[in-house]
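Before any comments, here is the structure.
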Amino acid sequence: MLVNIILIILMIEGIFLFFYALQKQSQLFFFLGLTSIFIPIVYFISGFTFMPLIPVMALIVTYMAKRKIPLV
């Protein structure tokens, strides 16, 4: 129960960091915001199985957002 509350707070913090990064054009805050958002999502979906992939996913999204690479 307490873990779920902490992860929800982490997700809310990640959303604030994400929007702050968009406003300031900061890659570091963008990466930290995405990581903070991805951790609770992956935990709630699959537990700890895919946790090591979170920084890789965040780096890929950060790189694509900086380079403005289309997803399609």
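Side chains are part of it too, since the values below use all heavy atoms of this structure and drop only hydrogens, waters and symmetry mates.
The number of heavy atoms from other shown groups lying within 6.0 Å of CZ (F19) does not exceed 12. Atom CZ of F38 has more than 12 neighbouring heavy atoms from other residues, nucleotides or ligands inside a 6.0 Å radius.
Atom CD1 in I15 sits 10.0 Å away from atom OG in S36 (nearest 0.5 Å). Separation of atoms CZ (F18) and CG (L34) is listed at 5.5 Å; rounding is to 0.5 Å. In this structure, CG in N4 is found 11.0 Å from CD1 in I9, a value given to the nearest 0.5 Å.
Counting only heavy atoms from C-beta outward, the side chains of M57 and T35 never approach each other to under 4.5 Å. Proximity of M11 to I41: side-chain heavy atoms (C-beta onward) are separated by under 4.5 Å at one or more points.
The minimum heavy-atom distance linking P55 with M51 is given by the pair CD-O, 4.0 Å.
Under the 4.5 Å side-chain heavy-atom criterion for Ile, Leu, Val, Met, Phe, Trp and Tyr, F30 and I37 are members of the same hydrophobic cluster. F31 and I60 fall into different hydrophobic clusters, where Ile, Leu, Val, Met, Phe, Trp and Tyr side chains are chained together by heavy-atom contacts under 4.5 Å. V56 and Y43 are members of different hydrophobic clusters when ILVMFWY side chains are connected at heavy-atom separations under 4.5 Å. There is a path of hydrophobic side-chain contacts, each under 4.5 Å, that joins F48 to V42.
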> Can you list the steps and then say if L10 with E13 is a side-chain contact (heavy atoms from CB on, under 4.5 Å)?
Replying inline: CA-CA 5 Å; L10 182 67; E13 176 219 352; 3.3 Å; yes

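The aromatic rings of Y20 and F29 sit perpendicular to each other, their planes meeting at more than 60°, with 30° as the lower class boundary.
Remark: of the listed residues I6, I5, L7, L7 is the sole one forming a side-chain contact (heavy atoms from CB on, under 4.5 Å) with V3.
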